[in-house]
2 protein chains.
Amino acid sequence: MATLKEVALRAQVSTATVSKVLSNTPYVSEETRARVLRAVAELGYVPNLAARALSKGRTYIIGVVFPYNYDHLFADPLITTILEGIETVCTEQGYNVLIVTPRAPVIESAQYQRLAQSGYLDGLITIETLPDTPASTIPEQLGYPWVALGYRSALGNLNTIQSDDFAGAKEIAAYLIGLGHRHMGIITVEETDLAAAARRMSGYRSAFENAALNFDQVPCERGSFSVESGYQAADKLLARTPHPTAILCLNDRMAIGAIQRVWAAGLQVPQDISVVGFDDIPSAAYFAPALTTVRQHAEEMGERAAQMLFEIIGQRASDNRRGTTQTPSGFKPIVFPSELVIRSSAAPPPGRSLESLRR
Amino acid sequence: MATLKEVALRAQVSTATVSKVLSNTPYVSEETRARVLRAVAELGYVPNLAARALSKGRTYIIGVVFPYNYDHLFADPLITTILEGIETVCTEQGYNVLIVTPRAPVIESAQYQRLAQSGYLDGLITIETLPDTPASTIPEQLGYPWVALGYRSALGNLNTIQSDDFAGAKEIAAYLIGLGHRHMGIITVEETDLAAAARRMSGYRSAFENAALNFDQVPCERGSFSVESGYQAADKLLARTPHPTAILCLNDRMAIGAIQRVWAAGLQVPQDISVVGFDDIPSAAYFAPALTTVRQHAEEMGERAAQMLFEIIGQRASDNRRGTTQTPSGFKPIVFPSELVIRSSAAPPPGRSLESLRR
DNA sequence: TTGTACGCGTTATCAG
DNA sequence: CTGATAACGCGTACAA
């Protein structure tokens with residue numbers, strides 16, 4: 001662990017000169033530059049980041065925050081894919097990624113709060129899966145760079161990257177309706193467990209109302225994201241007579257659970273009952289039947305979030321340079337389209353072929 | 001962003017005193033302690049981590065390194081599960097996790113090398129999925145705390161956490177043999193792509209030899225981890241006449257691909273052909289047929305790795321305190337058992353019921 | 001073109 | 001029990 005001073009000693013110059021060489025400042029003679037560089041190489045000198053951070057006020061670390069309560073969030077392919085997108089861009093830009101996972105409600109997580117205020121992070125990207133206690137509140141109050149992925153409830157949507165949950169849900173519900181389904185069931189989650197839940201539900205509702213179907217009479221059960229919970233919820237849905245001919249699930253894992261339950265009843269998907277999901281996790285494509293679902297552009301969303309953050313960091317830096325203290329108004333929300341992926345877990349209801357529909 | 005100095009000013013004491021109060025040093029009068037604490041609260045003071053790191057030589061950040069080449073490693077549930085285990089323990093211990101993903105061969109990744117030497121990390125956990133260029137080489141040479149998950153090839157296995165790939169592979173192969181299979185195929189990967197590949201292959205071999213079967217004549221195709229590549233590899237295996245009655249896959253995703261290919265041939269799993277995997281990824285349980293595979297204790301392995309790292313960091317610290325500069329010899333490798341998970345993707349070969357085997 | 005000297009925010013070592 | 005003061009390693013005005 002050689003230091004600047006040691007390099008300076010060896011190259012017979014001052015530490016200031018070494019520093020200048022290393023930061024590519026002009027006005028250094030070729031000769032000394034070469035001598036310094038050689039000393040650096042010989043000593044295997046690497047700048048101490050803690051010292052640099054202290055001096056420059058920049059750590060080149062950005063924090064990715066994902067609160068979790070109910071479930072292992074790392075088990076959610078959507079989250080890890082977003083993370084991958086973020087990580088890619090950060091690495092490109094020479095930034096490092098610190099993962100921050102407040103276990104408790106964000107507001108109560110002292111650890112998170114301290115970290116956010118510790119000056120260790122140049123910025124934060126929060127993955128807001130939960131409503132009510134957005135993790136972005138903290139950096140927002142502290143006035144430093146942040147971007148949120150998801151919904152911030154009543155707080156407005158500046159600096160936010162979202163997936164168009166409403167449109168995606170509406171589209172897939174309309175698709176089922178178009179196939180001829182009239183008796184459907186829904187497997188959702190507690191709205192307190194997923195900020196996007198409400199949007200998806202209103203997407204469904206919108207499709208139903210467009211078709212003059214009464215959404216409020218649609219049987220609706222709650223799961224908790226997992227395959228098992230989907231199984232349980234489907235169990236209740238199937239107990240009804242007549243049972244629904246199609247089930248809309250708020251995520252793919254619950255859809256897979258629901259399908260298991262349909263099988264357990266001795267029924268076929270999609271011949272007897274159609275089941276659709278949401279998210280398009282990797283296994284959705286390989287499940288049999290391959291899941292009809294809604295794709296979210298998770299990796300791109302992660303990348304875009306990181307890019308937005310760097311724009312904010314950059315503009316903040318240039319503001320400082322010219323002494324402007326204008327509070328930036330924030331970026332307009334970016335909404336990524338979500339797209340219906342038609343595979344083979346949905347079909348017209350039994351006794352109602354596509355042909356008959358066309359008549 | 002209040003500083004120590006501001007707190008000191010407000011509490012009418014010196015910065016040294018504030019520091020003592022905050023680090024719970026005894027020998028501070030109750031009265032001043034209270035005054036300081038109040039000032040801290042009023043100012044919302046949070047220590048600056050960069051400054052603390054510089055002064056104490058400790059950052060409370062540990063790096064988790066996972067090299068990747070061929071594939072999106074974030075898409076590998078095994079890796080993210082390990083990461084989750086690591087993260088849990090680190091958070092408990094008040095450490096933060098920085099993710100480090102050298103894209104190039106580790107040796108050539110300047111970014112990784114610099115980070116490792118920057119003094120920004122208190123320790124490293126490397127996930128060694130690839131042979132030949134273990135990421136742990138760097139911290140090892142630099143002489144600072146590290147733990148490796150996986151295999152370090154010829155470098156020895158000190159400070160290593162492993163899954164018993166050999167035993168797991170042997171067990172699942174023996175299971176198929178026990179079901180009566182005699183003509184099997186294997187879908188593996190390039191040994192340069194996965195350090196564990198060789199162990200699993202020798203596990204298979206061992207089972208075959210125990211049953212007096214010639215392992216070298218077993219048809220063997222290579223995939224590249226993905227579902228698609230499993231499909232392609234199975235394609236070649238099925239082209240043989242007679243085709244194998246069972247396929248051993250080196251991971252679950254390829255097994256799922258292989259099953260798809262079997263279906264495409266109009267055959268059933270496991271009635272016509274048995275297919276087994278390795279890893280027990282979450283979707284293995286929900287796939288239909290549910291995958292018979294080998295479970296690895298990924299989360300526990302991650303947790304154990306973090307614990308081992310903290311033991312090393314701790315002992316290093318106490319060595320320093322008493323001036324001992326003994327080079328620690330390192331921990332013995334910890335091998336986690338892997339276990340056969342019997343579900344429903346394997347059965348006796350056609351025309352050979354379990355009954356007939358017992359005769 | 002180069003060097004001096006100070007500041008960044010903490011911790012730690014001493015005197016007092 | 002408390003308070004100066006010196007590190008920690010780097011960046012950077014400012015001076016030379």
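Reminder, nothing fancy here: chain letters follow the sequence lines and each chain counts from 1. Because only heavy atoms are used, hydrogens play no part in the values below, and waters and symmetry mates are left out as well, while side chains stay in.
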Whole-Å gap separating [atom2] ([N]) and [atom1] ([X]):
X      : N      : atom1 : atom2 : result
B/K56  : D/dA6  : NZ    : C1'   : 18 Å
A/K20  : D/dC14 : NZ    : C1'   : 10 Å
B/L9   : D/dG3  : CG    : C1'   : 14 Å
A/Y60  : D/dC10 : OH    : C1'   : 13 Å
B/Q117 : D/dG9  : CD    : C1'   : 16 Å
B/Q12  : D/dT2  : CD    : C1'   : 14 Å
A/E6   : D/dC8  : CD    : C1'   : 13 Å
B/R35  : D/dT2  : CZ    : C1'   : 11 Å

**Asked** Are A/T126 and A/E128 close enough that a side-chain donor and a side-chain acceptor fall under 3.5 Å?
**Response**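 Side-chain D/A pair, A/T126 to A/E128: present.
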**Request:** Would you please say whether a donor-acceptor pair under 3.5 Å links the side chains of B/Y45 and B/R10?
**Result:**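 Short answer, no.
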**Message:** On DNA chain D, compare the nucleotides closest to B/E31 and A/R52; which residue's is nearer the 5' end?
**Reply:**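 Of the two residues, B/E31 wins.
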**Pairwise 5' ranking along DNA chain D for B/S14 and B/A51, keeping only the more 5' one** =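 So the residue in question is B/S14.
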**Item:** Contact check, side chains of A/V97 and B/L98, non-hydrogen atoms, under 4.5 Å
**Value:**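 Side chain of A/V97 against side chain of B/L98, heavy atoms only: no contact under 4.5 Å found.
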Please report the closest heavy-atom contact between [X] and [Y], naming both atoms and the distance.
X      : Y      : result
B/L121 : B/I62  : CG-C, 4.5 Å
A/I99  : B/E87  : CD1-CG, 3.9 Å
B/L37  : B/L22  : CD1-CD1, 4.4 Å
B/V65  : B/A135 : CG1-CB, 3.9 Å

**Message:** Is there a side-chain contact between B/S29 and the phosphate of D/dT2, meaning an N or O under 4.0 Å from OP1 or OP2?
**Reply:**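 Yes, because at least one side-chain N or O of B/S29 sits under 4.0 Å from OP1 or OP2 of D/dT2.
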**Prompt:** Should B/Y27 be listed as having a side-chain N or O under 4.0 Å from OP1 or OP2 of D/dG3?
**Reply:**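 No, no such contact exists.
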**Message:** Closest-nucleotide mapping onto DNA chain C: is A/R33 or B/P47 further toward the 5' terminus? I mean the 5' end.
**Reply:**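 Its nearest nucleotide lies further toward 5', so the answer is A/R33.
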**Item:** Which residue lies more 5' along DNA chain C, comparing A/T15 with A/T32 via nearest heavy atoms
**Value:**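 Final value for this comparison: A/T32.
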How is [X] classified with respect to the nucleic acid when contacts are heavy atoms under 4.0 Å: base, sugar-phosphate, or nothing?
X     : result
A/S23 : nothing
B/V46 : sugar-phosphate
A/S19 : base
A/L54 : base

**Request:** Please list, in 5' to 3' order, the outermost nucleotides of DNA chain C lying under 4.0 Å from any heavy atom of chain B.
**Result:**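 Range of nucleotides touched by chain B: C/dG9 to C/dA12.
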**Message:** For A/Y120 and B/Y120, take the angle between the two ring planes, folded into 0 to 90°, and tell me which bin it lands in: parallel under 30, tilted 30 to 60, perpendicular over 60.
**Reply:**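 Ring orientation, 0 to 90° scale: parallel.
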